[in-house]
2 protein chains.
Amino acid sequence: MSNSSLKTTMLITKALADRQRIRILMLLRDRELCVCQIIAVLALAPSTVSKHLSILGAAGLVEHRREGRWAYYRLPGGSADAASRSALQWIEASLGRDKTIEIDDRKLAKVLACDPEVLCRQQRRC
Amino acid sequence: MSNSSLKTTMLITKALADRQRIRILMLLRDRELCVCQIIAVLALAPSTVSKHLSILGAAGLVEHRREGRWAYYRLPGGSADAASRSALQWIEASLGRDKTIEIDDRKLAKVLACDPEVLCRQQRRC
DNA sequence: GTAATAATTCGTCATGTGGCGAAATGTAAA
DNA sequence: TTTACATTTCGCCACATGACGAATTATTAC
């Protein structure tokens, strides 16, 4: 992924060219999230969200770790490709104060408030 | 266009999510170009290129002026939206030395060398 | 082990998108 | 005016993509 070819750039631009994937990236701004928490905010089928996350991952725009049966996704750290990082910076700057994103943030706050650090199932049933 | 909403951002990301449109933006890096010159380099149907240019225009990623029956396209100047400008900066930085882009640059050089500042028809027949 | 659960993969469907040629538009040359 | 030409718009087709549910995988709970 650390190659700045047109192909790599297209992976990133295509990953960014979807409303739901942008929403996911914005949700991950300050914290990592479990897939079920993302599902709860976006209100999409688990399979759909999983597919979006795999596209973001292939573009180097998210990383993930597994913990038991849960998968936690986060924005890439310092080891990430320069193109990915600057793309993310651009997205965040462009969406400073968007209505949809703010609503998502509030939804996320409620999901997180339910029972932090506990099972996704419980968090999803807020 | 000077509004940083999700909708506007999506216009930009969708415009960037196509290989041919990226090639067009890179061709326009240092100069404005007539549509027929772009057609000559990309080797696509005029209607296809025109459609791409209108998508880029709607996203604020190119501007154009008409001169007689020719239309000249260029990257947006200082009056452009901040989101558009930073997107273009990101694209240019990401594609510093790509093979396809370099080949396009050489093709463009030949097209321009043919008969600069003269009719598109002649330039297309190099 | 068996059951339950989180996530992913797969198959399918509806819609979006990129490509072209034909027709339309607008301008310059004859 | 008539013709030629650059570009755009329109209609169509093939393919890509996003959505879902069902089936699968992997892990924990019983």
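Just so we're on the same page: letters track the sequence lines, and every chain starts at 1. Side chains are part of it too, since the values below use all heavy atoms of this structure and drop only hydrogens, waters and symmetry mates.
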Give the rounded distance in Å between these two atoms: [atom1] of [X] and [atom2] of [N].
{"X": "A:I55", "N": "C:dT8", "atom1": "CD1", "atom2": "P", "value": "13 Å"}
{"X": "B:L53", "N": "C:dG19", "atom1": "CG", "atom2": "P", "value": "12 Å"}
{"X": "B:M10", "N": "D:dG18", "atom1": "CE", "atom2": "P", "value": "9 Å"}
{"X": "B:I38", "N": "D:dA6", "atom1": "CD1", "atom2": "P", "value": "15 Å"}
{"X": "B:K51", "N": "C:dG19", "atom1": "NZ", "atom2": "C1'", "value": "12 Å"}
{"X": "B:I24", "N": "C:dG19", "atom1": "CD1", "atom2": "P", "value": "9 Å"}
{"X": "A:I39", "N": "C:dA7", "atom1": "CD1", "atom2": "P", "value": "6 Å"}
{"X": "B:L33", "N": "D:dT7", "atom1": "CG", "atom2": "C1'", "value": "15 Å"}

(request) Check every atom of D:dA6, D:dA19, C:dG18 against the side chain of B:R21 and return the nucleotide holding the closest atom. (result) C:dG18
(message) Nearest to the side chain of B:A71, heavy atoms from C-beta on, is which of D:dT17, D:dA19, D:dT7?
(response) D:dT7
(message) When you compare the side chains of B:T8 and B:S5, does any donor N or O come within less than 3.5 Å of an acceptor on the partner?
(response) yes
Tell me the closest heavy-atom pair linking [X] and [Y], and the distance in Å.
{"X": "A:K14", "Y": "A:R21", "value": "O-NH2, 3.1 Å"}
{"X": "B:V62", "Y": "B:G57", "value": "CG2-N, 3.6 Å"}
{"X": "A:S84", "Y": "A:L61", "value": "O-CD2, 3.9 Å"}
{"X": "B:L11", "Y": "B:A58", "value": "CD1-O, 3.7 Å"}
{"X": "B:A83", "Y": "A:W90", "value": "O-NE1, 3.2 Å"}

(request) Sugar-phosphate means primed atoms, P, OP1 and OP2; the rest is base. With that split, encode nucleotides 20-30 of chain D 5' to 3' as B, S or - using protein heavy atoms under 4.0 Å. (result) BBB----BSS-
Indicate whether OP1 or OP2 belonging to [N] is found under 4.0 Å from a side-chain N or O atom of [X].
{"X": "A:Y73", "N": "C:dA6", "answer": "no"}
{"X": "A:H52", "N": "D:dT17", "answer": "no"}
{"X": "B:K14", "N": "C:dT17", "answer": "yes"}
{"X": "B:Q37", "N": "D:dA6", "answer": "no"}
{"X": "B:Y72", "N": "D:dT7", "answer": "no"}

(request) Would you kindly compare A:Q20 and B:S54 by the position of their nearest DNA chain D nucleotide and give the one closer to the 5′ end? (result) B:S54
(message) Taking A:R65 first and then A:E63, would you say they form a salt bridge - that is, a charged N and a carboxylate O separated by under 4.0 Å?
(response) no
